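Beneath this line is the structure, given in structure tokens, with notes to follow.
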Number of protein chains: 4
Amino acid sequence: MSSTDPQTARTGRPRSTAADAAILEATRASLVDLGWSKLTMGDVAARAGVAKTTLYRRWAGKNELVVDAVAVLFDELELPDRGSLAADVQGVVLQFAALLERPETRTALMAVVAESTRDDSLRVRIRDSIVERQKRLVLEGRQRAQRRGELPVEPDTAVADRTADLIFDVIAGAVVHRMLVSAEPVDTDWARQFTLLLLSGLGAGAMERRPGS
Amino acid sequence: MSSTDPQTARTGRPRSTAADAAILEATRASLVDLGWSKLTMGDVAARAGVAKTTLYRRWAGKNELVVDAVAVLFDELELPDRGSLAADVQGVVLQFAALLERPETRTALMAVVAESTRDDSLRVRIRDSIVERQKRLVLEGRQRAQRRGELPVEPDTAVADRTADLIFDVIAGAVVHRMLVSAEPVDTDWARQFTLLLLSGLGAGAMERRPGS
Amino acid sequence: MSSTDPQTARTGRPRSTAADAAILEATRASLVDLGWSKLTMGDVAARAGVAKTTLYRRWAGKNELVVDAVAVLFDELELPDRGSLAADVQGVVLQFAALLERPETRTALMAVVAESTRDDSLRVRIRDSIVERQKRLVLEGRQRAQRRGELPVEPDTAVADRTADLIFDVIAGAVVHRMLVSAEPVDTDWARQFTLLLLSGLGAGAMERRPGS
Amino acid sequence: MSSTDPQTARTGRPRSTAADAAILEATRASLVDLGWSKLTMGDVAARAGVAKTTLYRRWAGKNELVVDAVAVLFDELELPDRGSLAADVQGVVLQFAALLERPETRTALMAVVAESTRDDSLRVRIRDSIVERQKRLVLEGRQRAQRRGELPVEPDTAVADRTADLIFDVIAGAVVHRMLVSAEPVDTDWARQFTLLLLSGLGAGAMERRPGS
DNA sequence: CATTAACCGAGACGGTACGTCCGGTCTTTTA
DNA sequence: TAAAAGACCGGACGTACCGTCTCGGTTAATG
């Protein structure tokens with residue numbers, strides 16, 4: 001977010017809230033048309049009908065802008081109750097795949113991750129705006145599975161958290177790698193096979209209790 | 001590779017083979033010092049003691065050059081026999097994590113993947129130079145586990161290939177996502193937990209036979 | 001001048017008269033520190049402790065502001081009676097040179113003149129605020145010389161005016177050119193030599209009567 | 001001049017000599033159309049069909065470029081033998097006035113002089129490219145007058161030089177001041193009156209011998 | 001052993017985008 | 001209604017790289 005601390009700025013002309021929305025929308029449009037590497041601040045500004053300075057007043061650079069512009073798209077992911085844990089997992093896998101099919105996400109996600117390997121503040125921004133936000137899907141899915149009796153309730157919250165993180169990385173990582181690195185489609189078959197692998201591991205494995213043993 | 005077609009060029013001064021090595025080495029050094037986005041062709045040329053034209057005569061651009069410079073690093077991955085499938089998997093996970101800890105790989109891998117989302121020839125180059133090459137690790141590990149009797153032999157080669165691809169995406173994807181997206185360390189504990197999840201899934205799941213059923 | 005028409009503004013908060021002085025003073029300070037080309041409206045406003053809008057409410061732009069800020073400095077020029085016409089001329093030459101030695105005058109005068117070549121209203125402003133105002137020195141010097149009997153009284157006022165204008169351009173032009181274009185010092189020797197040339201010309205020449213003959 | 005030291009640069013692609021001419025021509029055209037203050041490096045580059053970098057490779061900035069572009073115009077001044085010293089002086093005055101009537105000279109000369117008050121290297125450039133070059137007119141005129149017997153030969157070269165400088169500043173200064181500061185026309189009448197004043201001063205004055213006395 | 005064609009280094013070339021700065025205007029709160 | 005504050009649009013700045021293009025000068029295989 002452009003983090004306009006409401007307490008800080010009191011006097012003078014306030015920042016245009018309309019500009020924020022227009023800029024983020026223009027950023028997504030430019031990503032679709034040009035892709036990450038060809039996207040320029042000047043082009044975004046022109047599309048948004050805004051001066052370049054207005055962009056730089058709100059975002060430090062292309063990376064930060066794109067993270068904010070794309071983060072909101074990940075919030076579209078939902079976890080409707082499909083009746084079983086397997087169906088829920090398969091559903092979210094396909095949903096995530098559909099999101100990564102969109103050109104703006106496809107081109108932007110890996111690019112900002114790449115940049116974040118050399119920029120700590122960007123890494124934090126990505127973690128806060130995207131990663132941590134979407135872990136909700138894992139937590140919600142588990143909760144629902146536990147209510148259904150498909151999964152036991154893990155009493156140790158540290159273990160539970162660790163497992164949730166692992167599941168998240170496995171699901172998201174596998175889908176991203178399949179689509180963007182291996183460059184193969186994530187279709188229903190793949191999703192089913194992946195879900196089977198994952199849930200078998202979860203069920204049979206009875207995730208270990210003591211990590212450091 | 002810089003694809004010096006031996007048939008094409010017959011007469012005239014041949015290309016310096018020393019230059020190729022110097023350029024790739026300089027590229028890796030520049031990646032370490034500057035990272036992907038700050039790396040420039042001019043800088044690489046200067047480090048290699050070579051003119052910019054010499055780079056462009058051999059590679060189409062920054063993307064192709066970096067893929068070639070980094071691809072060789074992935075060949076360092078090995079799969080020594082650690083006695084059990086679990087130990088082998090855990091070993092390769094930690095080895096891969098160590099590779100991604102190196103700044104040149106860290107910054108380059110995601111960047112070229114990001115670029116490849118808009119450049120088909122680059123996508124092919126990545127797949128050929130990196131992805132397909134490293135699937136050998138999965139195949140070798142499976143073969144060894146089958147010899148040990150830890151895994152059954154899958155008679156249907158299509159199913160076997162499909163499963164190998166899945167395993168590859170899950171392992172590579174989870175490690176990459178954990179390290180670069182979630183920005184959390186891949187340590188022995190995580191590797192053990194991940195291996196447990198994966199192998200339980202493989203063993204119990206008895207990967208389905210008919211995909212399209 | 002900032003032309004505060006007393007009739008126009010009647011109601012509401014009156015303009016701060018202190019602001020005018022502060023702005024002009026800040027303008028001169030900024031000229032000294034930064035010179036004409038680096039001087040900015042924002043800097044002047046900041047130095048004067050005033051908002052940019054306040055500047056623009058009073059002056060059309062940088063040119064007008066600087067003319068007003070500098071014009072007053074020329075009013076410092078005086079013509080004390082030094083006993084003879086030669087001494088008076090030499091005195092005013094050195095005084096004018098000293099004024100052009102000051103950085104604010106030095107940098108501003110030529111700059112606004114340059115701008116005025118493309119801006120008629122600015123040309124008028126310079127003529128009114130600076131040029132015509134300082135012709136008083138020529139007129140006063142002539143009057144005093146005539147009282148002393150050093151110069152005859154010219155009966156034709158048109159000829160007298162024309163001659164005064166010529167003298168003014170010769171004196172001011174020579175000093176400015178020597179200092180700013182030729183970039184050589186105007187010292188006592190030069191002033192004496194110049195005065196000698198000028199007065200010889202005036203005395204011997206017996207300025208022609210009929211211009212169009 | 002863009003001072004391409006022929007000894008220095010030996011290797012690499014040589015600078016385009018055609019570009020130099022095109023740039024200077026474009027600069028003059030831009031001065032005519034836009035004037036000094038509106039002239040931009042980008043506009044000049046565009047007119048010359050040249051990249052901005054090519055300008056900056058040859059000139060440090062707008063000031064240096066404009067000095068070079070207009071300096072050559074001053075070389076057009078000539079001193080044809082009009083039969084008498086008075087006619088020669090009057091002729092050069094009118095010629096100089098005509099030169100200052102041209103918009104490119106008019107807007108550029110005072111501007112670069114203004115800038116030079118804060119930039120020593122620019123001051124030197126102006127002196128070398130314009131001022132010193134045109135003193136030839138004074139020297140030539142004097143020589144011719146001496147041949148005619150209109151002026152005595154000054155044996156002391158230091159005095160002769162000092163006098164030539166004075167004459168130069170008086171002529172050039174008076175014309176410039178009349179035209180650009182006073183903003184009055186320099187016509188035949190004014191030129192005749194000015195010449196009369198100047199030559200009377202020269203003849204009668206019999207310029208002093210010992211400066212420091 | 002001379003030719004010769006492709007190579008090499010150097011660096012200028014036309015472009016594009018950068019991120020900053022300033023000019024002048026507009027919008028808000030405060031006096 | 002003016003003032004201070006500061007955001008706004010527009011546009012030029014000077015720089016950095018891009019990828020291409022001359023240059024003069026090697027360097028091997030060919031003839």
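Throughout, a chain's letter reflects where its sequence line sits, starting with A, and its residues are numbered from 1. All values below come from the heavy atoms of this structure, side chains included, with hydrogens, waters and symmetry mates left out. Given the structure is predicted, the values throughout are model-derived calculations rather than measurements.
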List every contact pair, protein side and nucleotides 21-23 of chain F side both N or O, where the distance is under 3.5 Å.
from: dC21(F); atom 1: O2; to: R13(D); atom 2: NH1; distance (Å): 3.1

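When all heavy atoms of V112(D) and V66(D) are compared, the closest pair comes out as CG1-CG1, 4.0 Å. In terms of heavy atoms, R58(D) sits closest to A19(D) at NH2-CB, 3.8 Å.
Each of A60(A) and A48(D) has a nearest nucleotide on DNA chain E; the 5'-most of these lies closest to A48(D). Heavy-atom nearest nucleotides on DNA chain F were determined for V50(A) and for V50(C), and the one closer to the 5' end corresponds to V50(C). Along DNA chain E, the nucleotide closest to T40(C) and the one closest to S16(B) are compared, and the more 5′ of them pairs with S16(B). Nearer to the 5' terminus of DNA chain F, by closest-nucleotide assignment, is the contact made by G42(D) (compared with the other of G42(D) and K62(B)).
Atom CH2 of W36(C) is separated from atom C1' of dG23(E) by 13 Å (rounded to the nearest Å). Distance CG (L39(A)) to C1' (dC18(E)): 13 Å, rounded to an integer number of Å. Regarding L65(C), its CG atom lies at a distance of 16 Å from the P atom of dC22(E), rounded to whole Å. Distance, L34(C) CG to dC22(E) C1': 13 Å, rounded to whole Å. One atom, NZ of K38(A), and another, C1' of dC17(F), lie 15 Å apart when rounded to the nearest Å.
Here the side chains of L55(A) and V44(A) are in contact, with some heavy-atom distance below 4.5 Å. The side-chain heavy atoms of E115(B) and W36(A), taken from C-beta on, include a pair separated by under 4.5 Å.
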Salt bridge (Lys or Arg N to Asp or Glu O under 4.0 Å) evaluation trace for D119(B) with R125(B): CA-CA 10 Å; D119(B) 180 343; R125(B) 196 183 195 95; over 6 Å; no

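With sequence neighbours excluded, the residues forming a salt bridge (Lys or Arg N to Asp or Glu O under 4.0 Å) with R102(D) are E76(D), E104(D), listed by chain and number.
With hydrogens and angles ignored, a donor-acceptor pair under 3.5 angstrom links the side chain of K52(D) to the base of dG14(F).
Set against dG15(E), dG19(E), dA5(F), the side chain of A51(D) has dG15(E) as its closest nucleotide.
In terms of phosphate contacts, R58(B) brings a side-chain nitrogen or oxygen within less than 4.0 Å of OP1 or OP2 of dC8(E). The phosphate of dA2(F) has neither OP1 nor OP2 within less than 4.0 Å of any side-chain N or O from R57(C).
Within the structure, every pair that satisfies the side chain to side chain donor-acceptor pair (under 3.5 Å) test and touches residues 44-55 of chain D, not counting sequence neighbours, is listed here: D33(D)-R47(D), D43(D)-R47(D).
Residue G61(D) is classed as having no contact, given no heavy-atom separation below 4.0 Å to the nucleic acid.
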